[in-house]
Structures are given as structure tokens and as C-alpha cells.
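Everything on this sheet refers to the single structure shown next.
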Amino acid sequence: EDIYADNLVLRQLLKEFKTYIPWTQYAIRPFAIAIVLNDIVLNSRKFYIEFGSGISTFLAAKLIQLNNLDCKIVSVEHDDNWLKIVKDTLQKEGLDHLVELLHIPLKSQENDVIAKTINWYDKEELKSKLPSHQYDIVLVDGPPGEKKMNRFPAIEFLNDNSLLSPDLVVYLDDYNRNEEKRIVKYWEDILNIKFDSVLNKIAIGNKGKGFKVRLHN
């Protein structure tokens, strides 16, 4: 799946960059970002929010630029040093006007729904900075949270603040981990939808009636 995505999707975009695009060990898998990119195009997504900045940010912005798409990106990141690298790269590529980068530090917080203390973005700061859109595509790939369910609040927060579109699709990376599987069970109740997965790596919850993108799997 990664080779298929790399050859048919990602290379088309990567060759358009003038500068080297940095990757880290936390980067989303090529086949997963290819699914997200295809979804943006096929379902004419308007407001894309991601938790965790990186290769997904660069490629989504380049996709929007090259295809002159009417889609706005909001990227939430806790690591200020990494965010500076992302911002600098976007500026060098002339993509910075397409992405609203939000530096939101992590904060230890109790979550009554899952009865756990977790590290998620500071909710008050996020609420004050986050544009009030009806987000129709959500990618959750941060914050780091193996064995801690740190990514659970994303959908809870957006839903509680009426920031989710009726034609919503949600992507959760690292679905191979047990904690992410537990997160999905809670999200299914919140959104009243069923998630499925591709290669047990990324979970997809589609609330709308758009095309379901799965590459050739």
C-alpha cells in the first residue's frame, strides 16, 4: 500500500517542492496520507483540521495550491520547535497563506468520559485560537500518546463546541495500538457512526455521504 501510494500519489506532489520536506519517525504512513489527500479532492472538503503537524501539512497545502482548491487548513501542534520548522518550510514553498498553524501546548487534564488523566492540548487556549468553522475532515495524529489515550479529546472537543460538519470524515492514525482502538469505540458513540480501518493502521469514520476512499485495498 505504501509503495502504491508513493508511486501514484505522493511523488506527484513531492516533485513540486523546491526544498527538502522533512520527515520524522512520527510521520503518518504514505498510504494513509494518500487516502486523506484523495478524500480532500474527491469530496470537495472545505475545512480541514489536523492534530499534529508535519508531512500531512506540507502535502495537503501543496495539493490545495496546485489544484486551486477551496479548502482551508488548520494545523494544531504542541511542539514549538517543530512548528517553527513547519512554518519555515511552508514559507519557503509559498504555502504559508494556506495553513493556519496553531501552537497549543499540552496540559495535564482529567477526562471524566474515559476516567483518565491525559496530556492533551490546552482546551481554553485552543478554544480561543481555533477558527469557528464546520470542519468536514479531521486527521488526528497527535499528540504523542501510546498507552495513554491522549488523542481521545479531539472529537469530544470539536463536537462539544459545535465545530463538526454533518458531512464529516475522521481519520485516526496508529490504529494498530490498543489505546487507539479504545478511543475509536468512544468516538463511535459520540458521533453515532461506525469506524473501519485500512490495514489496521488508520481508522476511518465517515459520517457524510461522500466517496469512501480506500486506495485499492
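Not measured: the values here are computed from a predicted model. Hydrogens, waters and symmetry mates are skipped; everything else that's a heavy atom, side chains included, is used.
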key: Phe47: partners by ring pair (Phe, Tyr, Trp, His ring centres under 6.0 Å), with sequence neighbours left out   = His133
inquiry  = Is there a path of hydrophobic side-chain contacts, each under 4.5 Å between heavy atoms, that joins Phe195 and Val169?
reply    = no
request  = Give a yes or no on whether Val36 and Ile193 share a hydrophobic cluster (residues Ile, Leu, Val, Met, Phe, Trp, Tyr; joining criterion: side-chain heavy atoms under 4.5 Å apart).
outcome  = no
Full working for side chain to side chain contact (heavy atoms under 4.5 Å, CB included) between Val140 and Asp173 = CA-CA 6 Å; Val140 182; Asp173 195 26; over 6 Å; no
ask   = Are a donor atom and an acceptor atom from the side chains of Asn200 and Lys181 found within less than 3.5 Å of each other?
value = yes
ask   = Is the NZ atom of Lys148 crowded by more than 12 outside heavy atoms at less than 6.0 Å?
value = no
Side chain to side chain contact (heavy atoms under 4.5 Å, CB included) between Lys62 and Gln65, worked out = CA-CA 5 Å; Lys62 181 61 74 173; Gln65 180 192 59; 3.1 Å; yes
ask   = Do Glu188 and Tyr186 have a side chain donor and acceptor closer than 3.5 Å?
value = no
Non-hydrogen atoms of Cys71 and Tyr48 that approach each other most closely = SG-CB, 4.1 Å
ask   = Same hydrophobic cluster for Ile49 and Ile183, using side-chain heavy-atom links shorter than 4.5 Å among ILVMFWY?
value = yes
query = Going through the distances and angles, do Val184 and Tyr175 end up as a side chain to side chain contact (heavy atoms under 4.5 Å, CB included)?
reply = CA-CA 9 Å; Val184 161; Tyr175 184 67; 3.7 Å; yes
key: Cluster overlap Ile33 with Val138, hydrophobic side-chain contacts below 4.5 Å   = no
task = Indicate the atoms forming the closest heavy-atom contact of Leu163 with Ser132, along with that distance.
result = CD2-CA, 3.8 Å
key: salt bridge (Lys or Arg N to Asp or Glu O under 4.0 Å) partners of residues 94-114, not counting sequence neighbours, each pair once   = none
ask   = Can a salt bridge be assigned to the pair Asp70 and Lys46 using a cut-off of 4.0 Å between side-chain N and carboxylate O?
value = yes
request  = Take atom CG of Asn178 as the centre, draw a 6.0 Å sphere, and report whether it contains more than 12 heavy atoms from other residues, nucleotides or ligands.
outcome  = no
ask   = Can Tyr171 and Asp39 be counted as having a side-chain donor-acceptor contact under 3.5 angstrom?
value = yes
request  = Check whether more than 12 heavy atoms from other residues, nucleotides or ligands sit under 6.0 Å from atom CG of Asn192, and answer yes or no.
outcome  = no
key: Step-by-step side chain to side chain contact (heavy atoms under 4.5 Å, CB included) determination, Leu102 to Ser75   = CA-CA 6 Å; Leu102 301 182; Ser75 185; over 6 Å; no
message = Side chains of Glu179 and Asn150: any donor to acceptor distance under 3.5 Å?
response = no
query = Would you find a donor on one side and an acceptor on the other, under 3.5 Å apart, between the side chain of Thr57 and the backbone of Ser53?
reply = no
task = Would you mind reporting whether Leu14 and Tyr20 have side-chain heavy atoms less than 4.5 Å apart?
result = no
ask   = Less than 4.5 Å apart, any side-chain heavy atom of Pro166 and any of Gln134?
value = yes
query = When hydrophobic residues are tied together by side-chain contacts of less than 4.5 Å, even through go-betweens, does Leu101 share a cluster with Ile73?
reply = yes
ask   = What pair of heavy atoms forms the shortest contact from Val76 to Leu126, and how long is it?
value = CG2-CD1, 4.1 Å
message = Contact between Val86 and Phe58 at the side-chain level, heavy atoms closer than 4.5 Å - yes or no?
response = yes
inquiry  = Whether the side chain of His103 engages the backbone of His78 through a donor-acceptor N/O pair (distance < 3.5 Å, no angle test) should be reported.
reply    = yes
message = Looking at every heavy atom in both Ala61 and Leu95, which two are closest together, and how far apart are they?
response = O-CD2, 3.8 Å
task = May I ask you to decide if Gly208's main-chain N or O and Asn206's side chain share a donor-acceptor pair within less than 3.5 Å?
result = yes
message = I'd like to know if the side chain of Thr117 pairs up with that of Gln109 as donor and acceptor (distance under 3.5 Å, no hydrogens or angles considered).
response = no
inquiry  = Would Asp189 and Lys185 count as a salt bridge (Lys or Arg N to Asp or Glu O under 4.0 Å) here? Give the steps.
reply    = CA-CA 7 Å; Asp189 290 338; Lys185 294 297 183 183; over 6 Å; no
task = Output, in order, the C-alpha distance, side-chain angles, deciding distance and verdict of salt bridge (Lys or Arg N to Asp or Glu O under 4.0 Å) for Glu180 and Arg177.
result = CA-CA 5 Å; Glu180 268 63 24; Arg177 302 191 308 211; 3.0 Å; yes
query = About how many Å separate CD1 of Ile155 and CH2 of Trp187, when rounded to the nearest 0.5 Å?
reply = 5.0 Å
Result of checking Arg29, Arg151, Lys201 against Asp174 for salt bridge (charged side-chain N to carboxylate O under 4.0 Å, His left out) = Arg151
query = Any chance NZ of Lys123 has more than 12 other-residue heavy atoms, nucleotides or ligands included, within less than 6.0 Å?
reply = yes
query = So does Lys92 pair up with Asp88, basic N to acidic O under 4.0 Å?
reply = yes
ask   = Is the ring centre of Phe157 less than 6.0 Å from the ring centre of Trp120?
value = yes
